[in-house]
Each structure stands twice: as C-alpha cells, then as structure tokens.
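Values reported hereafter were calculated over all heavy atoms of this structure, with side chains retained and with hydrogens, waters and symmetry mates removed. Everything quoted here is computed from the prediction, not taken from an experiment.
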Amino acid sequence: GLLIFTPEDEKFEIVTINPGFILGPVLVKSPFTSEQIIYKFMMGKFPGIPKMYMSLVDVRDVALAHLRALTGPANKRYALSTDTVKFNQIGVCLHNTFGQYGYKIC
C-alpha cells in the first residue's frame, strides 16, 4: 500500500463519539436523526416497522461524553449506549404516552 508521512506539526488528535439512538430533552430547533425517527412515529409515517434492535442513549450522557472527550485521552472512539430495545417498542412507548392525544402512532 501507499505510505503517507505527515510532518509532526501537521498531526492532530481526535476523539470520535458514536451514540446510539439519542433520547431526552431537545435544546435545538434544527432536525437531527433521532428526532426525525420520533417525528415519523408520531405522524404515522412509517409504512412498516422493521424487526430490528436500537441501542439507546440519553442526550445528557452524550453531552457528558463530549465534555470528557475534551480532557480525556485522544485518538479514541467511544460507542455510547445505555440500553437496547426492539424498534417497535419505541412506537409502543410513544403510543402509550401520546395516543390519547390523537396521534396515530405506527
């Protein structure tokens, strides 16, 4: 393979944070992936529910991971997950909470 050498003064450190499906309070108005999935559930926009599992993580834990990444070891990857559920369980939870308000949740 091709070897590329980078001068020391051009190298940088990086930390990668890979969260699962992010749940929790929303502070931004711009759309993001996890929010779009909840929106599609709430508006009945899924033509079907895939038989798959989702790893979940609280947005506050994601924020804490970003803060710790600033002072922790560099050149690391962190996968964030606190629980794993079947995808349809997210819809069931939303239905049980918001179905009474007229939402046609898949």
Side-chain angles (χ1 to χ4, degrees):
L2 178 65
L3 293 176
I4 299 174
F5 295 98
T6 304
E8 282 300 315
D9 62 340
E10 292 181 18
K11 290 184 179 180
F12 59 91
E13 296 179 336
I14 189 169
V15 173
T16 305
I17 297 173
N18 298 307
F21 184 74
I22 302 171
L23 297 172
V26 177
L27 299 178
V28 297
K29 301 229 184 237
S30 58
F32 54 96
T33 303
S34 295
E35 179 262 342
Q36 288 297 308
I37 291 172
I38 296 295
Y39 174 80
K40 286 181 178 181
F41 265 117
M42 298 293 289
M43 299 297 128
K45 296 200 179 264
F46 278 115
I49 304 298
K51 292 181 181 181
M52 60 184 247
Y53 287 84
M54 297 285 290
S55 66
L56 307 176
V57 64
D58 190 287
V59 68
R60 292 161 283 213
D61 293 331
V62 177
L64 182 59
H66 280 85
L67 290 174
R68 288 185 176 165
L70 294 172
T71 58
N75 301 317
K76 300 285 183 185
R77 286 186 304 221
Y78 298 96
L80 306 179
S81 178
T82 55
D83 200 0
T84 302
V85 298
K86 286 184 179 178
F87 193 66
N88 71 330
Q89 287 178 289
I90 297 169
V92 169
C93 180
L94 291 170
H95 174 74
N96 291 342
T97 305
F98 298 105
Q100 63 185 333
Y101 302 109
Y103 288 97
K104 305 289 187 220
I105 299 165
C106 305

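Under the 4.5 Å side-chain criterion, counting only non-hydrogen atoms from C-beta, Pro25 is in contact with Val59. Looking at Ile17 and Leu80, their side chains come closer than 4.5 Å, going by heavy atoms from C-beta outward. By the 4.5 Å heavy-atom criterion applied to side chains, Val15 and Asn75 are not counted as neighbours.
Both Met43 and Tyr101 sit in one connected hydrophobic cluster of ILVMFWY residues. Membership requires side-chain heavy atoms under 4.5 Å apart, directly or through other members. The hydrophobic cluster containing Tyr39 also contains Phe21, counting ILVMFWY residues as joined when their side-chain heavy atoms lie under 4.5 angstrom apart, directly or transitively. Put simply, Met52 and Phe46 are part of the same group of oily side chains (I, L, V, M, F, W, Y) that touch within less than 4.5 Å, one to the next. A chain of hydrophobic side-chain contacts below 4.5 Å, direct or via other Ile, Leu, Val, Met, Phe, Trp or Tyr residues, connects Val85 to Leu94.
Residues Ile37 and Met54 share a closest heavy-atom pair of CD1-CE, 4.4 Å. Taking every heavy atom of both residues into account, Pro19 and Val62 meet most closely at CB-CG2, 3.9 Å. Gly48 and Pro50 make their closest contact through O-CD, 3.6 Å (heavy atoms, listed as atom of the first residue, atom of the second, distance).
With ring centers used as reference points, Phe41 lies under 6.0 Å from Phe87.
The number of heavy-atom neighbours closer than 6.0 Å to CG of Leu70, taken from other residues, nucleotides and ligands shown, is above 12.
Without hydrogens or angle criteria, Thr84 side chain to Ser55 main chain gives no donor-acceptor distance under 3.5 Å.
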Query raised in the report: Given the rule in the side-chain contact (heavy atoms from CB on, under 4.5 Å) test, do Thr82 and Asp58 qualify, once you have shown the distances and angles that lead to the verdict?
Result: CA-CA 8 Å; Thr82 55; Asp58 190 287; 5.7 Å; no

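Between atom CG of residue Asp61 and atom OG of residue Ser81 there is a gap of 10.0 Å, rounded to the nearest 0.5 Å. With values rounded to the nearest 0.5 angstrom, Asn18 atom CG is found 12.0 Å from Tyr78 atom OH. To the nearest 0.5 Å, atoms CE (Met42) and OG1 (Thr97) are separated by 8.5 Å. With values rounded to the nearest 0.5 angstrom, His95 atom NE2 is found 9.5 Å from Lys104 atom NZ.
Between Tyr103 and Phe98, the ring planes are perpendicular. Angles over 60° get that label, and only those under 30° would be called parallel.
Exactly one residue among Ile105, Ile38, Ile49 makes a side chain to side chain contact (heavy atoms under 4.5 Å, CB included) with Ile90. That residue is Ile38.
Legend: residues meeting salt bridge (Lys or Arg N to Asp or Glu O under 4.0 Å) with Asp83, ordered by chain and number and at least two apart, are absent.
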